[in-house]
Number of protein chains: 2
Amino acid sequence: MSSTQSILQAHHLRITDCRLAIIREFLDKSVALSHSDLEETLNKEFDRVTIYRTLKTFLEKDLIHKVLDDSGATKYAFCTHGEEAHAHNHEHVHFKCEKCEETICLEDISLPAIPLPKGFVKKEMNLLVQGICEKCH
Amino acid sequence: MSSTQSILQAHHLRITDCRLAIIREFLDKSVALSHSDLEETLNKEFDRVTIYRTLKTFLEKDLIHKVLDDSGATKYAFCTHGEEAHAHNHEHVHFKCEKCEETICLEDISLPAIPLPKGFVKKEMNLLVQGICEKCH
DNA sequence: GTTTATGCAAATTCTTTGCAATACT
DNA sequence: AGTATTGCAAAGAATTTGCATAAAC
């Protein structure tokens, strides 16, 4: 059994071609992908609607998470953290290149505590750094 | 001449009712607003398309900036920083309440330097903190 | 008077929903 | 066999474009 298959099993999801293909995309590319990125790459192998539903399912099962983006398009990235180890890691740091528009996860960076005004409770933090990546320099 | 009018003049924009109304909204509410927020509040006083175009113009002239949001809707906030003083302030910290969905600017917080991988150049940073605000607690 | 912004219509794109057929366990 | 997933059609949002009219300078 392939590792992509066991990922689905671990999350109590049925093994289907579309789900396997989408997981493989995330693992191969290791950048944040939008619905339309997937639609293009999978080149009409699966219905647009199926891709929407797969992304929604993956989100609910915490296989992927949303990545903030200023373009309007919702992007997603695979949650690579081992489930147990980082189950409560709700802090994400991403870098988006303004030229190639690729967004990558900066895994190793942790955010400092942000002093919030009184009465505010933090649940999650997302930092998006924008600039030029090493490939486009 | 009102202050909203002089804001437009300072950015070399013609003074029109729609532009004045949208600026007033941002100044009054002091939270990040989406196109549909404005459409509702301005209650059909202006065409949907005109609001889109006004937001686009304001973005280009740096009167407003995009605020990251995980809902898919693009939100905008007024650039309150005095232009000269903070012209190069490309760091934004926002807090979004998961209950009331309001997003506010945390003006006074500055972000630490993020150690980027070699070859990466930072242009802008956006931090979105999500949780519960003091009103919804 | 010239230039720019607006409103309306219409075209695109993005996303969701319902339902019957199919695939998974 | 029973349940969940898929594909197709179609509906509903969100966003953009073209063009004639109206407003700003």
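Just so it is clear: chains get the letters A, B, ... in the order the sequence lines come, proteins before strands, and each one is counted from 1. Excluded from the calculations below are hydrogen atoms, water molecules and symmetry mates; all remaining heavy atoms, backbone and side chain alike, are included.
- At a non-hydrogen distance threshold of 4.0 Å, Arg48(A), Val49(A), Tyr52(A), Arg53(A) from residues 47-62 of chain A come into contact with DNA chain C.
- Atom CG of Leu33(B) is separated from atom C1' of dA14(D) by 17 Å (rounded to the nearest Å).
- For Ser36(A) (side chain) and Glu39(A) (main-chain N/O), no donor-acceptor pair under 3.5 Å exists by modelled atom type.
- Atom NZ of Lys44(B) is separated from atom C1' of dT6(C) by 17 Å (rounded to the nearest Å).
- Between Glu39(A) atom CD and dG7(D) atom P the separation is 12 Å, expressed in whole Å.
- As a whole-Å value, the separation of His12(B) NE2 from dC25(D) C1' is 14 Å.
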Legend entry - side-chain contact (heavy atoms from CB on, under 4.5 Å) between Leu127(B) and Leu111(B), worked out: CA-CA 8 Å; Leu127(B) 176 67; Leu111(B) 287 170; 3.7 Å; yes

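- The NE2 atom of His11(B) sits 18 Å away from the C1' atom of dT4(C) (whole-angstrom rounding).
- Following rounding to the nearest Å, Glu45(A) (CD) and dT5(D) (P) show an atom-to-atom distance of 19 Å.
- Nucleotide dT13(C) holds its C1' atom 13 Å from the CD atom of Glu40(A), rounded to whole Å.
- Gly131(A) and Phe95(A) make their closest contact through C-CZ, 3.7 Å (heavy atoms, listed as atom of the first residue, atom of the second, distance).
- Between the side chain of Arg19(A) and the main chain of Arg14(A), a donor-acceptor pair closer than 3.5 Å is present.
- Between the side chain of His35(A) and the backbone N or O of Arg48(A), at least one donor-acceptor pair lies under 3.5 Å.
- Rounded to whole Å, the distance from NZ on Lys75(A) to P on dT15(C) is 13 Å.
- The backbone N or O of Asp70(A) sits less than 3.5 Å from a side-chain atom of Lys66(B), completing a donor-acceptor pair.
- Here CG of Leu42(B) is found 12.0 Å from CG of Asp47(B). Values are rounded to the nearest 0.5 Å.
- Summary of the strand contacts: Ser36(A) and Arg14(A) both lie near DNA chain C, and taking for each the nucleotide with the nearest heavy atom, the more 5' one is attributed to Ser36(A).
- Here Lys75(B) does not pair with Glu101(B) in a salt bridge; the nearest charged N to carboxylate O distance is not below 4.0 Å.
- With contacts defined as side-chain heavy-atom distances shorter than 4.5 Å, the pair Phe78(A)/Ile7(A) qualifies.
- Within residues 17-28 of chain B, the residues having any heavy atom under 4.0 Å from DNA chain C are, by residue number, Cys18(B), Arg19(B).
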